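Before any comments, here is the structure.
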Protein chains: 4
Amino acid sequence: MLINLDFESSEPIYQQLVFQIIEGIARKDFRPGEALPSVRSLASDIGINLHTVNKAYQQLKLEGFIQIHRQKGVVINPDGVPKADERYKQQLEKNLRPLIAESICRDYGEEEFLLLCKMIYKNYQGGRT
Amino acid sequence: MLINLDFESSEPIYQQLVFQIIEGIARKDFRPGEALPSVRSLASDIGINLHTVNKAYQQLKLEGFIQIHRQKGVVINPDGVPKADERYKQQLEKNLRPLIAESICRDYGEEEFLLLCKMIYKNYQGGRT
Amino acid sequence: MLINLDFESSEPIYQQLVFQIIEGIARKDFRPGEALPSVRSLASDIGINLHTVNKAYQQLKLEGFIQIHRQKGVVINPDGVPKADERYKQQLEKNLRPLIAESICRDYGEEEFLLLCKMIYKNYQGGRT
Amino acid sequence: MLINLDFESSEPIYQQLVFQIIEGIARKDFRPGEALPSVRSLASDIGINLHTVNKAYQQLKLEGFIQIHRQKGVVINPDGVPKADERYKQQLEKNLRPLIAESICRDYGEEEFLLLCKMIYKNYQGGRT
DNA sequence: GTGGTCTAGACCACG
DNA sequence: GTGGTCTAGACCACA
């Protein structure tokens with residue numbers, strides 16, 4: 001399990017961790033039902049506090065990515081991640097708008113932008129490396 | 001000038017302000033060379049702290065969107081916004097990755113995603129409303 | 001004997017087990033004097049730890065629902081469950097208060113609430129299914 | 001603001017706190033838009049750690065009871081608490097079932113049970129004392 | 001001064 | 001051994 005944190009970044013560590021795990025799921029490094037390391041072991045592995053890991057796990061649980069079983073530890077949601085609903089789409093649009101607005105200002109054309117997206121998509125769909 | 005702030009959001013107010021102005025430029029509500037309200041007047045207009053407006057303006061200046069002159073006040077950069085450079089593209093990709101990774105997890109297909117982007121592009125290119 | 005456990009729930013398994021058995025008594029699936037499976041057999045039936053079943057049985061014994069005999073095994077209390085006493089009523093009120101307070105906040109009216117209670121009562125009094 | 005915590009109870013302090021505030025809203029001690037004490041001041045007032053108060057506030061925020069404004073502090077949701085939805089009703093039923101099942105076992109009749117509920121309802125609707 | 005984040009260390013319930 | 005809870009103390013971004 002590869003976790004790549006940037007301790008210099010202003011992005012909270014727990015959020016970076018959340019994203020790294022989501023990325024792992026997208027890349028199919030983690031399959032539904034697969035176990036994740038315990039709070040403690042992951043924390044010591046990457047050298048951060050267990051509460052930080054716990055916060056990331058709690059958020060992933062809230063969003064339906066993982067399940068936390070008492071004492072059995074943490075597993076990727078065996079039923080798969082909840083599908084995109086209306087709320088998610090609105091959130092996604094809200095997140096995309098600033099990126100696109102700035103791209104327009106900087107003359108970064110629509111074609112280039114879409115190409116970049118496709119490139120990232122392809123990057124994930126390469127599957128387990 | 002329409003400024004739409006969400007005081008309940010976890011997004012800092014100064015960042016919301018930064019984005020609203022960038023959006024205005026993208027939508028061509030603000031043209032190069034056009035004047036923006038002074039820190040004081042904008043702050044009192046939307047009922048927020050001077051420092052908050054100032055922080056937003058400073059960031060916009062740093063990124064080349066505006067110029068701040070002691071006498072002439074604040075104007076949209078007459079030379080236009082700096083074009084997208086390599087650094088910007090990397091930053092953009094870094095911002096897009098989490099959005100795309102989560103979309104994949106949620107079965108929100110590439111086509112839909114690209115369609116959403118196009119819609120937002122079209123939305124901005126409608127021009128001055 | 002139908003036992004329905006939710007291993008993802010934050011409610012401890014032994015408490016779920018306790019409640020399932022209480023529910024069985026309320027529904028008259030279990031009659032006074034009737035035998036319950038031994039700790040061992042129940043544990044292996046539902047695939048949980050011996051200690052977990054034991055903890056549930058101990059709690060049921062403490063509250064007077066069952067009797068545990070070294071030889072005869074576990075039986076539903078032949079004298080019936082102890083009647084509601086003052087202590088029980090206070091406990092019940094303490095448990096109901098949060099539910100009712102939240103219902104009020106959420107505009108879930110008293111009539112609806114009482115109707116829901118009646119429905120649950122009726123549901124149990126249907127008798128052995 | 002009266003907060004009554006039982007430090008002996010097995011119920012987590014933060015949950016007791018959550019309930020006390022919900023109770024305050026139900027009793028109309030707290031009106032929509034009204035400010036709540038800051039995390040720090042409430043923590044020192046009742047002699048607990050600020051993180052414990054924070055956890056309670058975060059949960060109340062998640063459930064829509066309060067809003068947390070950056071730096072402006074905490075206020076009761078001005079739009080009122082979200083109405084009871086289907087999910088809430090199911091949760092409520094799930095919480096009521098064990099209470100009712102045990103009542104049936106203990107010969108605590110339906111009439112008495114409903115009377116107790118009504119009593120609690122009346123108790124809250126007395127309004128601000 | 002406010003909430004957000006992170007660290008550190010401790011105890012407990014659970015299985 | 002696991003997650004859940006609580007405490008304590010620190011720094012930072014925000015307004």
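What you see is a predicted model, and the numbers here were worked out from it, not measured in a lab. Here is the naming used below: chain letters follow the sequence lines, and residue numbers restart at 1 for every chain.
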Rounding to 0.5 Å, atoms CG (B:L92) and OG (A:S103) come to a distance of 4.5 Å

For B:R97, the salt bridge (Lys or Arg N to Asp or Glu O under 4.0 Å) test, sequence neighbours excluded, returns A:E23, B:E93

Hits for salt bridge (Lys or Arg N to Asp or Glu O under 4.0 Å) against B:E8, two or more places apart or cross-chain, chain-then-number order -> none

Does [X] have any side chain to side chain donor-acceptor pair (under 3.5 Å) partners at least two apart in sequence or in another chain, and if so, which?
| X | answer |
| --- | --- |
| D:S41 | D:S38 |
| C:S9 | none |
| C:N49 | C:H51 |

Hits for side-chain contact (heavy atoms from CB on, under 4.5 Å) against C:N54, two or more places apart or cross-chain, chain-then-number order -> C:V39, C:Q58

Sorted by chain and number, sequence neighbours left out, side-chain contact (heavy atoms from CB on, under 4.5 Å) with A:D85 holds for A:R87, A:Y88

With a 4.0 Å cut-off (strictly under) to non-hydrogen atoms of chain D, the first and last hit nts on DNA chain F, 5' to 3', are F:dT5 to F:dA15

Acceptor/donor pairs from residues 60-71 of chain C side chains to any protein atom, 3.5 angstrom cut, sequence neighbours excluded:
from  : atom 1 : to    : atom 2 : distance (Å)
C:E63 : OE2    : C:Q59 : NE2    : 3.3

Between D:Q58 and A:I48, the residue closer to the 5' end of DNA chain E by nearest nucleotide is D:Q58

Review point. Counting any heavy atom closer than 4.0 Å, what does A:I68 reach on the DNA or RNA strands: base, sugar-phosphate only, or nothing?
Key: sugar-phosphate

Of D:L50 and A:K61, the one whose closest nucleotide on DNA chain F sits nearer the 5' end is A:K61

In DNA chain F, stems of three or more consecutive pairs, Watson-Crick or G-U, each with both distances under 3.5 Å, turn out to be E:1-14 with F:1-14

The complete set of side chain to side chain donor-acceptor pair (under 3.5 Å) pairs with one or both residues in residues 12-22 of chain C, sequence neighbours excluded, reads none

Atom pairs under 3.5 Å: protein N/O with N/O of nucleotides 13-15 of chain E:
from   : atom 1 : to    : atom 2 : distance (Å)
E:dC14 : OP2    : C:Y14 : OH     : 3.4
E:dC14 : OP2    : C:K55 : NZ     : 2.9
E:dC14 : O2     : A:Q71 : NE2    : 2.8
E:dG15 : OP1    : C:I13 : N      : 3.0

